Colleague: 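For reference, the structure I am asking about is given below.
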There are 2 protein chains.
Amino acid sequence: MRENREFILGQTRQYLTILDAAIEEFSRLGYKATSMQVIANRAGIPKANVHYYFKNKENLYREVLNHIIEVWNASFDEIQNDEDPAVALDRMIRAKVRLSYTHATASRLFANEIIHGAEHLGEYLKQDMRQWVRDKSRIIQSWIDTGKMDPVDPVHLIFLIWSSTQHYADFETQVLTILNRAEYESEMIDGIADFLSQVILKGCGLQAP
Amino acid sequence: MRENREFILGQTRQYLTILDAAIEEFSRLGYKATSMQVIANRAGIPKANVHYYFKNKENLYREVLNHIIEVWNASFDEIQNDEDPAVALDRMIRAKVRLSYTHATASRLFANEIIHGAEHLGEYLKQDMRQWVRDKSRIIQSWIDTGKMDPVDPVHLIFLIWSSTQHYADFETQVLTILNRAEYESEMIDGIADFLSQVILKGCGLQAP
DNA sequence: TTGTATATTGACCAGATGGTCAATATACCG
DNA sequence: CGGTATATTGACCATCTGGTCAATATACAA
């Protein structure tokens, strides 16, 4: 294409169609078990056309990961040093529960990548994550130092929030089977957020906001 | 074979060699992405010999799942109705943290299976799980009814314990990256158990035993 | 309309995949 | 020893895999 008419946020329409199809398919079975053919089928185009936009499978997968991280970061809430810890953590928990609900496939794709050793995740991304945890930990530690909450390991607290919220996206099948439901409903999601916020905050010596 | 000398707990030595190799390999990349050839290589035998013991890949995978569940169930702690909830939940959390440490590959294999929709998990197994959760929930509910702990949803409490403990096995790569460690050490595992027990118990209005 | 850059497509390739089979080797029993 | 049930093995097959390529179609600028 030689004009901008076809561009949406800097990328072709077709490019994004393929990316969407790839996210969906990679999240089902992970990188290796997903074939370029099924991605092409889902996108409704011949396989050779996928290779026209993405030079190979590895490249497509990395672009998928990057694309997801952008969405992820955009919806990530920041917590501030001078905030009330109960308010900040409550908001953080609720944001992650909703993210697991609205972006469940992305969550599963990521979970898959990490379970299998995060071989395709760039080193710089891992460093980003490390830095993110370090920043939040420092804020939590400051709350502890000023006696606003119990002395709990901040890093493990972050892990606890991550794991308990993501569980509902990654293990959706198991959760729905046990709850005997066909799918999540919005009110259930609120109930989950209420439960996690209540237990985790009280567990840190905080009162629900 | 026509004698029992080769039998170990009703199964051939070779049979178990293959099963071990299969557990290891399936846990790396999941069902579809794992080839019979790499399983054979790990077992140190030709691929055709694997097919002599297991009629096909699907069959081998199911046997692997069953084998894991047996080990799993064997090391599963029961909680009793008349127990002190703090003692019982503390023991449950510690048992699961240790299990995630000693049987990390099994945990990952299972996580993988569930993330991908639990297509290979038999219906009866899902029912078993449902019943297990129902039983434990009833005990937790009785603790709540007798005022021994806060009124929290028992099922979500079980999910919280599952997710937070399993996280350290399934997302090992991520956890170790963030903690800047090469591998888990036994004392770290105890620290994790202490943290989770402390926060979750307090979060339910219980005092650490 | 025509020329040219961009897109689309089916045919094709080498290698890997799950699975089969007949030939051979091994172990045990009489 | 010889006979027979059990194991082991390499060769083989149809199908699928990621990836390439030349032929064609489309869009647009002049």
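Letters go in sequence order (proteins before strands), and every chain restarts at 1. Values below: every heavy atom of this structure, side chains too, minus hydrogens, waters and symmetry copies. Bear in mind the structure is a predicted one, so any value in this text is a computation, not a measurement.
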Colleague: Among C:dT8, D:dG19, D:dT8, which nucleotide sits nearest the side chain of B:Gln14?
Modeller: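 Per side-chain heavy atoms of B:Gln14, the pick is D:dT8.
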Colleague: Could you give the CD-to-C1' distance, from B:Glu25 to C:dT17, as a whole number of Å?
Modeller: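 These atoms are roughly 15 Å apart.
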Colleague: Assess whether one donor atom and one acceptor atom, taken from the side chain of A:Lys57 and the base of D:dG19, lie less than 3.5 Å apart.
Modeller: no
Colleague: Mind checking the CD1-CZ spacing from A:Ile39 to A:Phe26? Nearest 0.5 Å is all I need.
Modeller: 4.0 Å
Colleague: So, do A:Asp194 and A:Arg94 sit near enough that their side-chain heavy atoms are less than 4.5 Å apart?
Modeller: yes
Colleague: Grab the CE-P distance between B:Met36 and D:dC12 for me, whole Å please.
Modeller: 21 Å
Colleague: Starting at the 5' end of DNA chain D and moving along, which residue's nearest nucleotide shows up first, A:Lys32 or A:Ala48?
Modeller: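 With A:Lys32 and A:Ala48 compared, the 5'-side residue is A:Lys32.
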Colleague: Let me know the distance between CD1 of B:Ile45 and P of C:dT26, rounded to the nearest Å.
Modeller: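 Atom CD1 in B:Ile45 sits about 16 Å away from atom P in C:dT26.
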Colleague: Whole-Å distance between C:dG19 C1' and B:Asn49 CG?
Modeller: 14 Å
Colleague: Flag the pair A:Tyr15 / A:His67 as yes when their ring centroid distance falls below 6.0 Å, and as no otherwise.
Modeller: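 When the ring centroids of A:Tyr15 and A:His67 are compared, they turn out to be at least 6.0 Å apart.
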Colleague: Less than 4.0 angstrom between a side-chain N/O of B:Tyr52 and OP1 or OP2 of C:dC21, yes or no?
Modeller: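 For C:dC21, OP1/OP2 do not have a side-chain N/O of B:Tyr52 under 4.0 Å.
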Colleague: Considering only D:dG19, D:dG10, D:dG18, which nucleotide approaches the side chain of B:Pro46 most closely?
Modeller: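 For B:Pro46, the side-chain atoms sit closest to D:dG10.
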Colleague: Would you kindly check whether a donor in the side chain of A:Lys55 faces an acceptor in the base of D:dG19, or vice versa, at under 3.5 angstrom?
Modeller: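 There is none.
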Colleague: In whole angstrom, give the distance that lies between atom NE2 of B:His51 and atom P of D:dA11.
Modeller: 18 Å
Colleague: Between C:dG18, D:dG19, D:dT17, which nucleotide gets closest to the side-chain atoms of A:Asn56?
Modeller: D:dG19
Colleague: What is the distance, to the nearest angstrom, from the NZ atom on A:Lys47 to the C1' atom on D:dT17?
Modeller: 7 Å
Colleague: A:Tyr61 has an atom OH; how far is it from atom C1' of D:dT17, in whole Å?
Modeller: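 Atom OH in A:Tyr61 sits about 18 Å away from atom C1' in D:dT17.
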Colleague: Could you tell me whether the side chain of B:Lys57 and the main chain of B:Thr34 form a donor-acceptor pair under 3.5 Å?
Modeller: yes
Colleague: Can you check the B:Asn41 CG to C:dA16 P distance for me, whole Å?
Modeller: 12 Å
Colleague: Compare the minimum distances between each of D:dT8, D:dT17, C:dT8 and the side chain of B:Tyr53, then state the nucleotide with the smallest one.
Modeller: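 Looking only at heavy atoms from C-beta outward on B:Tyr53, the closest nucleotide is D:dT8.
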Colleague: Between B:Asp135 and B:Arg130, does any side-chain N to carboxylate O distance fall below 4.0 Å?
Modeller: no
